[in-house]
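Below you'll find the structure, written out as structure tokens, and then a few comments.
Counting starts at 1 for both ligands and their atoms, in listed order. Heavy-atom basis, side chains included; hydrogens, waters and symmetry copies ignored. Every value quoted in this text rests on a predicted model; they were computed, and no experiment measured them.
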Amino acid sequence: MRPAAAAEERPPNFVIVFADDLGYADVGVYGAKGYETPHLDRMAREGAMFTDFYVAQAVCSASRAALLTGCYPNRIGILGALGPSANHGIHDNEWTIAEVLKPRGYATAIYGKWHLGHHPKFLPTRHGFDDYFGLPYSNDMWPFHPTARFPDLPLIDGETIVNAKVTPEDQTQLTTWYTERAVKFIEQHQDEPFFVYLPHSMPHVPLYVSDKFEGKTERGLFGDVIAEIDWSVGEILKTLERLDLDERTLVIFTSDNGPWLSYGDHAGSAGPLREGKGTTWDGGQREPFLARWPGRIPAGSVCGEVAATIDLLPTLAHLAGVEELPMKHAIDGKDIWPLLAGEPDAKSPHAAYFFYWGGHLQAVRSGKWKLHFPHSYRSLKGEGGTGGRPAPYVDKQIGLALYNLEKDVGETTDVAEQHPEVVERLKVLADKARRDLGDTAGKVQGENVREPGRL
Ligand code: MG
């Protein structure tokens, strides 16, 4: 493998496709049932598939903030999911992937769900993106929500609201519209380096699909929706091929958090992993991760090392030939190019990976070991919901518990008593994170925690 692009070469293009609430087992090669994902499976066949890839928090805004800034959400004060009444977003002092790439001559665009502040000063166009088309937050934050009332949902182009009241009919077109805009942007910028971030609104509930895929899968609406996202990935790959950009472009696919299990037949699946969205169990935070770059990433490779969305900023910066990251403050992500390139003996750069929920450190993973600290978590009371209506959760409690993920991927058997030395080692790592990133509900108070952006 060649090293990263030398500074004098034209830097590579990057496309990140980011699904919403798609679980670990919702892609063909990860075990999806009742529908097919030929284009995503092709990405795995022609590129790398990671088995132990994590998002930073099992909920939309926090997860997206981490991907774009390379920081744990606690570090930059963005927790949970920002709604229509939120008055904060990414602080101006933070650097997004788009901002880091701009000085290297990149054209940058986002088509899809932003969810990092909907006021003008927080929009993508103020955080390094040249072009934006999409929803400012989740597609269920609208008047038709089954159990809560929200104001009208807007659709934004650049910084202009082009549709103040997104309708169910509009929702059926979101995946198509985002894809068409991405294809057009790639065509327009084929002669310069580009970064396209494509965070689909789907398969977050309410699920909608266009006529192209409605009723096309055995799995029903959820399968139809994933089939359409797979089609979208295919359109991107086809465009890159047509423009002869295949070998210049790294394409990544992953999701912001695990399945929203209370929605039952309208939710995805975490497969063998425990629980889903909104928890620090692996079903909430471990996601499919596919990366394709012909000639640079070995075809058909599988990586079982711990890696995460926070690693994408430093990795893409390195590949773009950014010699030194511009921010003077700490970030948490590490360059995972050696893992992507399949370098022999490449190891996870994370001695420990931290699992936070709502400002609280709930678990830490180091190698094959994951230690949960006592915490409560939500779990389905009975069966999941049907037809787009949620079923109730109940709160459950877990005490200190150690799991060997190599033997027990479902986090079922506590082995803390058999491995007291591992428990002690992971406790020390966790204490370090608590001092640095904080460990409180509400306001986060670590030594190096920065203020979120405020209106
Ligand atoms: Mg989500």
> Going through the checks in order, is the side-chain hydrogen bond (donor to acceptor under 3.5 Å, both in side chains) test met by Tyr208 and Asp170?
Replying inline: CA-CA 9 Å; Tyr208 284 99; Asp170 296 328; over 6 Å; no

>> Could you identify the N, O or S atom of Asp20 positioned closest to the Mg ion (ligand 1)?
In response: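 Looking only at N, O and S atoms of Asp20, the one nearest the Mg ion (ligand 1) is named OD1.
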
>> Angle at the Mg ion (ligand 1), OD1 of Asp256 to OD1 of Asp21, rounded to 10 degrees, please.
In response: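 That angle works out to 100° after rounding to 10°.
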
> What angle, to the nearest 10°, do the atoms SG (Cys60) and OD1 (Asn257) form about the Mg ion (ligand 1)?
Replying inline: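 Here the angle at the metal atom is close to 110°, to 10°.
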
> Should Arg219 and Asp26 count as an ion pair when the cut-off is N to O under 4.0 Å?
Replying inline: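 A salt bridge is absent here (no side-chain N lies under 4.0 Å from a carboxylate O).
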
>> Below 2.8 Å, can you find an N, O or S atom of His204 next to the Mg ion (ligand 1)?
In response: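 Within the cut-off used here (under 2.8 Å), His204 places no N, O or S atom near the Mg ion (ligand 1).
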
>> So, 2.8 Å as the limit: is an N/O/S atom of Ser255 located closer than that to the Mg ion (ligand 1)?
In response: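 Short answer: no, not a single N, O or S atom is under the cut-off.
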
> Quick check, are the ring centers of Phe14 and Tyr106 under 6.0 angstrom apart?
Replying inline: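 Yes, ring centres under 6.0 Å apart.
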
> Below 4.5 Å, heavy atoms only, C-beta onward: do Ile76 and His91 meet side chain to side chain?
Replying inline: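 Not in contact.
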
> side-chain hydrogen bond (donor to acceptor under 3.5 Å, both in side chains) between Thr412 and Asp408: does it pass, once the steps are laid out?
Replying inline: CA-CA 7 Å; Thr412 63; Asp408 177 23; 2.8 Å; yes

